[in-house]
Amino acid sequence: MDPIKNTISAADPLHKDPSAPDGEEALRHILSEPAAFSDRLPAGETSLAERRLRRARLAGVVTLAAAAVTVGVLAATNLGPLTSAPGPAGTVTASETPVPSASEMPTPAASVAPPLAENTTTVPPHGEPSPTGTPPQTAPRQTFVFPDGHISFAYPDDWSVRTEQGPYLTEEAKAGSVYAVVLDGSGSEVARVLSGMYGDGAAGSVKRTVLDHAPVPGITDASGIPAEFGFASDQVLPVPYPGMPEPTEPADSSSLYYFMDVRLAQEFLPAQSQSGTNQIPLPNGVMSAYVVFDFEKQPVFATPDAAKAWMASEQYAQLKALLLSLTYS
């Protein structure tokens, strides 16, 4: 062999060292043999998919447990304990729902609303004050409304109302001043209501006895003072002479003057000592509503007991209901 080639061969460690693999032979072996692959893991190793499945199952169990605890807390808070003492054998509870057994799921009992009460109106006994001001319902009624649409009142079906010209100071105010004259079933005039203007009047010292009074919810004067219905009697006190003390008792011959009307509430107080007026200022003028008594026969009632007895009559209840129904809108 060529000496130079031998020298080079001697310098190649892979050519002479049998323990070192031959690169060309290894590459030939890899390319000539069939390829063999395996996706099986060694024993004891867990795949990535199994790990993910285990985590999902664990998260589901934790979520269900948390939901169960939440439901239990809400049920205990809102429904109270789920267990109850068993009722006597052969009986049912007041709600007519049998007590469920422990193995049954508790089912909310359907609640049934009680029947609505009928729309009834309680009529207070005649002669007693009506603290709520509710008009006593005595019979079917109809409503009268003044031409300007402000004041209205209700009256029995078999009664009637006619209008008359009320007092006025100018032609411009004439149309707005109207009397509503109320007639009962026999055609007798029993009450009057004025809207729009006021008439002349005077007041004096009196001793007042209030037999009945009640608020009129629909009437408040222009300054916000409430109005009341009232049935009362006055005894006029003597007019004092200059230098004499104010009289506190009526003269022996002073007769009772009875009236039944609507006034400001303060005029039916026990301390009232002035005759006052039934003229109530309203935004559209003045209202004056009163029962018509026969002034030629004053006192209308022979005795105070006769006046109290009239308070138990149907006519008194009808007139009181009319005055209590007055409304300004």
Side-chain angles (χ1 to χ4, degrees), residues 121-122 124 127-137 141 143-155 161 163 166-170 172-182 191-234 257-292 316-329:
T121 304
T122 302
E128 293 186 6
S130 301
T132 62
T134 303
Q137 303 296 318
R141 301 192 298 170
T143 301
F144 174 83
V145 182
F146 278 83
D148 63 1
H150 289 297
I151 299 177
S152 63
F153 60 86
Y155 59 98
V161 177
T163 58
Y168 60 94
L169 297 177
T170 64
E172 290 78 9
K174 180 178 180 180
S177 184
V178 178
Y179 266 117
V181 182
V182 183
R192 281 184 170 237
V193 181
L194 170 67
S195 173
M197 183 48 66
Y198 62 93
D200 199 4
S205 299
V206 297
K207 180 180 181 180
R208 177 162 295 170
T209 301
V210 179
L211 301 175
D212 188 10
H213 69 104
V216 180
I219 300 295
T220 302
D221 83 342
S223 62
I225 301 176
E228 283 197 0
F229 149 86
F231 177 44
S233 64
D234 283 348
Y257 168 81
Y258 288 91
F259 63 93
M260 183 175 180
D261 56 20
V262 174
R263 300 173 177 234
L264 296 181
Q266 62 204 30
E267 294 205 17
F268 291 110
L269 295 176
Q272 176 67 17
S273 60
Q274 293 294 314
S275 58
T277 179
N278 58 19
Q279 298 169 2
I280 300 179
L282 296 175
N284 71 329
V286 170
M287 183 195 79
S288 178
Y290 54 92
V291 171
V292 175
Y316 179 88
Q318 291 171 326
L319 292 169
K320 179 178 179 178
L322 185 153
L323 295 178
L324 288 176
S325 72
L326 283 162
T327 302
Y328 182 89
S329 58

Exercise for review: I would like to know whether Y257 and V206 meet side-chain contact (heavy atoms from CB on, under 4.5 Å); could you show each step before the answer?
Suggested key: CA-CA 10 Å; Y257 168 81; V206 297; over 6 Å; no
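Considering only heavy atoms from C-beta on, S177 comes within 4.5 Å of L194 through its side chain. The shortest distance between side-chain heavy atoms of L319 and M260 falls below 4.5 Å. By the 4.5 Å heavy-atom criterion applied to side chains, I151 and L282 are counted as neighbours. Side-chain contact between N278 and F259: absent, with no pair of heavy atoms (C-beta onward) separated by less than 4.5 Å. At least one side-chain heavy atom of S205 sits less than 4.5 Å from a side-chain heavy atom of Q274. Residues V291 and L323 form a side-chain contact, since some pair of their non-hydrogen atoms from C-beta on lies under 4.5 Å apart.
Taking the six-membered ring where tryptophan is involved, the planes of Y316 and F229 are perpendicular, since the angle between them exceeds 60° and thus also 30°. Aromatic ring pairs are classed by plane angle as parallel below 30°, tilted from 30° to 60° and perpendicular above 60°; the pair F144 and F146 is perpendicular.
Across every non-hydrogen atom of L326 and V216, the tightest pair is O-CG1, 3.7 Å. Counting all heavy atoms, side chain and backbone alike, I225 lies closest to D221 at N-OD1, 2.7 Å.
Here CD of E228 is found 10.0 Å from CG of L264. Values are rounded to the nearest 0.5 Å. Atom OH of Y328 and atom CG of N284 lie 4.0 Å apart (nearest 0.5 Å). Interatomic distance, T163 OG1 to Y179 OH, rounded to the nearest 0.5 Å: 13.0 Å.
Residues meeting the side chain to side chain contact (heavy atoms under 4.5 Å, CB included) test with T277, sequence neighbours left out: E267, Q279. Listed by chain and residue number, nothing satisfies the side chain to side chain contact (heavy atoms under 4.5 Å, CB included) test with T220 (two or more places apart in sequence, or in another chain).
Looking at T327, its side chain does come within 3.5 Å of a backbone N or O of S325 through a donor-acceptor pair. No side-chain donor-acceptor contact under 3.5 Å links S195 to the backbone of V178. Between the side chain of R192 and the backbone N or O of Y290 there is no donor-acceptor pair closer than 3.5 Å.
Applying the salt bridge (charged side-chain N to carboxylate O under 4.0 Å, His left out) test to residues at least two apart or on different chains, none of the pairs has a partner in residues 270-292.
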